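Note on naming: letters A, B, ... go to the chains in the order of the sequence lines (proteins, then strands), and numbering restarts at 1 for each one. The model shown is predicted, which means the values in this text are computed figures rather than measured ones.
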Amino acid sequence: MKKLVKGNEAVVIGALVAGCDAYYGYPITPASEIAHAASEYFLPLGKVFVQAECEVGAINMVFGSASSGQRVMTASSGPGISLKMEGISYLAGAQLPCVIVDVQRVGPGLGNIGPEQSDYFQVVKGGGHGDYRAIVLAPASVEETYRMSIEAFDLADKWRSPVFILTDATLGQMMEPIDIREVETHRSEKPWALDTRAESNDNLVTSIYLDFDDMEAHINRLHSKYQQITDEEARAEIYGADVPDIVLTGYGITGRMLRSVADKLNECGIDATLIRPQTLWPFPSKTYQEIVKPGIPVLSVELSRGQFVEDVRLALPGHKVKHYGRVGGNLPELGELVEQAEMLLQEARND
Amino acid sequence: MTKVYQKSPAFFDTFERKPSMQKTTHYCPGCGHGTLNKIIADQIAELGLQDQTIFVGPVGCGVFIYYYFESASVSAAHGRASAVATGVSRANPDSITISYQGDGDLAAIGTSNAIHAANRGENMIVFFVNNNIYGMTGGQLAPTTLIDQTSATSPTGRSIKNDGYPLRMAEMIAGLEAPTLVARVGVNNPRNIRQAVKVIKRGLEIQRDKKGYVFIEVLSQCPTNWRKEPKEACEWIDEVVCKQYPFGVFKDLAEERGAVERPCKRVEFDAIADQLGLTADDEDASQKIEMLQDELRFKFAGFGGQGILSLGMMMAQMSMERNMEVTWLPSYGTEMRGGVANCSVVVGKKAIGSPAVDNPNVLVALNRPSLDKFGPMVPGDGLIIYNSSLIDQVPDDLQGKVYALPATDLASEAGTVKAANVVVLGFVAQKTGMFGLADLEAFLADTFKKPSLLEVNLKAVKAGWDAAEET
């Protein structure tokens, strides 16, 4: 059943289809439509919706509901995600499943409400304190936002981990059709959860381990889980030529724009391949290593002055990776990106 | 032989979560926490509430409350216990949710979360242990530290000038409308303990009956950080502390309040589909628009309030219903309010790459700034439709095919200038060949339920269509 919706609404519909029980959030542009849609749909269905007093309150309500075994979510944009980071560290430490949406806007500071992809470090590399990781999904369309929203709840349950959906002002505000159907979801049994049965009396949800050896064992357990996630969940969309003259890479809205760039280059007789990571953590490094042969130039595009590109470079040690970024709320024009790709190819030929 | 005194069954028999000395607590000798824990445990057991009880532990001396109580427990971040308890309570509508917090936790770093949980009237009971000092971190100044009282961070005593006045939380919370029971009790002498037992029992009964929010402030002695002998510390509460923080029940609405039920339901897909207003799709999924080319990129621009965004949305919605790929992207920022508003719509046969439209195949400019800004971006084979009711001068560097459409005037003739966007819809549909007049009329009939509004819009779309046929 098709419906024309904004990316921000698609997140909420995906959550409903996934059986999300509770939404806790705080208004912020350009993520507010998520809270609008959640309030419109959750309360009449008898689900929990609370507009919290602050971002910190919202993420800690998520913590409480997640520790009670609920499927639960929150959403915000950069400045709000900064505030939530403390709670996200606790969620990771206590191994609580939940879904957090970041509709990226322009920073640092107040910045503005246009699109940027400058929360990459904060979301993908941690952001909160301590040695933790969180799964990060990066949709590139409204339909993919919807599907990833459903999947995020399964991943959160499967790995007992916070899962981010990282979008941006463009993806959040734009409308596209989504196809809404009943899907099979995999809600985990949660025998560790807090509830009102006698069986849960001995349950304890915490991230504190006073004894150094106990704490080290806990962190090691987390990291063997992270290794498994890295092995099993990393993925990317590959589009374009099998044997490329040039590789284009970007995530989310820029990844999607690069698809048009690849088409334009291919029309001009240049074989271009797009690698669009769909998970940012775990990062699909192996995909890069399989596709990018020595000497093939790589153009990495993002709406920041160079965050995502660091992971591309880590995946391709010794390889020349050129970064191109627009910031401040500006999207690059297609012609601009085609020109960047042609310049890079020219440089590579001259090398 | 009858045992007249035993450890509450709400406690663990031995405190196995505690790293050492598992028969005793981690509290310092003479501390009030132990007494308070015992009262709470006794009353939970007496009311038979142990299984339903969920403890939210704070950061502070209460952090290890889960060592002792055999009830489901969770550790919150510093100050966040009331927010965490909100999540716990909403997820477990039948629980007795206990948020156990100290004065740094609740009255300093977590004040906002505490006040708002109270103001929402969450079904939870908050024990606010006020010992006028930070215990766990080593005796620093708390918001509740008395004037002139020394601490690790007020070595010469609390000064009003530097630190402000001691904060009376119970009185603040009692000033809110939502809370059901707000009281201050003590655990420093038998008389105060007897009163504390009564109040705590009442608080738990209110929770059992789901009658809303309970706040019980407990004046507790901290001999260690007060640098006093336990006996002396207990006496200091009666002699000094309770002058700043008087005992009493500040609010008790238990008799007049009913149960507050907050549902937390799981629903089937059908209920979700109903809520979303979904209707079954046309079974024929073929693309039903004859396009001038594989992909058409539209830019609709004008003043905010001219219905620009909804014009784009109508194009997108109608195209989607004919199984085309579509994207709709609004403009941002200050442009949204009063200034120039624009949106980009792409309709295509294949998956759409960029939703941003830099060089539109079709530009609709409803005001002069829009035409000046976007007109020159339209390529030679593109269409430019401008609102000749409001634009009297056309830039001379335009390459596309230019059509003058008096959209505002035609809309006004149809009944309202607000329908200018629908005039344009008729014009664009005719010029691009994307929709027939009957398609547009059927769509408008679905969109405008009010007959008078529908009539105006049908007139407007026809006017646009006819104007296109004539040019």
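With values rounded to the nearest 0.5 angstrom, A:E176 atom CD is found 12.0 Å from B:W328 atom CH2. Between B:I272 atom CD1 and A:E182 atom CD the span is 8.5 Å, to the nearest 0.5 Å. In this structure, A:N201 CG and B:S73 OG are separated by 9.0 Å, a value rounded to the nearest 0.5 Å. To the nearest 0.5 Å, the span separating CG on B:L276 from CG on A:L45 amounts to 8.0 Å. Taking NZ from A:K6 and CG from B:L329, the interatomic distance works out to 10.0 Å, rounded to the nearest 0.5 Å. With rounding to the nearest 0.5 Å, the separation of NZ in B:K18 from CG in A:L210 is 11.0 Å.
A:E53 is listed as a side-chain neighbour of B:R120, based on a closest heavy-atom distance under 4.5 Å. In this structure, the side chains of B:D358 and A:L331 stay at 4.5 Å or more apart for every pair of heavy atoms. A 4.5 Å side-chain heavy-atom check between B:C264 and A:Q70 finds at least one atom pair inside the cut-off. Residues A:E86 and B:R80 are in side-chain contact: their nearest non-hydrogen atoms beyond the backbone lie under 4.5 Å apart. Looking only at side-chain heavy atoms (C-beta outward), B:F269 and A:I180 come within less than 4.5 Å of each other. The closest side-chain heavy-atom distance from B:S354 to A:V261 is not below 4.5 Å. No side-chain heavy atom of B:V84 sits under 4.5 Å from any side-chain heavy atom of A:Y90. Proximity of A:R256 to B:P355: side-chain heavy atoms (C-beta onward) are separated by under 4.5 Å at one or more points.
Ranked by non-hydrogen atom pairs under 4.5 Å with chain B, the options A:R71, A:K3, A:R259, A:E40 are led by A:K3. When A:N203, A:V142, A:L204 are compared by the number of non-hydrogen pairs under 4.5 Å with chain B, A:L204 comes out ahead. Each of B:A356, B:S112, B:S95, B:A271 has some count of heavy-atom pairs under 4.5 Å with chain A, and the biggest count is that of B:S112. Residue with the most contacts toward chain A among B:E268, B:Q52, B:K265: B:K265 (heavy-atom pairs, distance under 4.5 Å).
When heavy atoms are compared at a cutoff of 4.5 Å, B:R262 does not approach chain A at all. Heavy atoms closer than 4.5 Å to chain A are found in both the backbone and the side chain of B:I352. Looking at B:S344, there are no atoms closer than 4.5 Å to chain A (heavy atoms on both sides), in backbone or side chain. Heavy atoms of A:L258 lying under 4.5 Å from chain B are absent altogether. Only the side chain of B:V63 comes within less than 4.5 Å of a heavy atom of chain A; its backbone N, CA, C and O stay farther away. Residue contact with chain B, scored on non-hydrogen atoms closer than 4.5 Å, involves the side chain of A:V50 exclusively. Interface remark: B:F55 contributes no atoms to any contact with chain A (heavy atom separation under 4.5 Å). Neither the backbone nor the side chain of A:L43 comes within contact range of chain B; no heavy atoms are under 4.5 Å apart. With a 4.5 Å cut-off on non-hydrogen atoms, B:E325 does not touch chain A at all.
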Could you walk me through whether A:M175 and B:M320 pass the side-chain contact (heavy atoms from CB on, under 4.5 Å) test, one step at a time?
CA-CA 11 Å; A:M175 291 178 106; B:M320 180 195 80; over 6 Å; no
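For a heavy-atom cut-off of 4.5 Å, chain A lies close to B:F12 in residues 8-16 of chain B. At a heavy-atom separation below 4.5 angstrom, chain B is approached by A:L194, A:D195, A:T196, A:R197, A:A198, A:S200 within residues 191-200 of chain A.
For the pair B:D281 (side chain) and A:M1 (backbone), a donor-acceptor distance under 3.5 Å is present.
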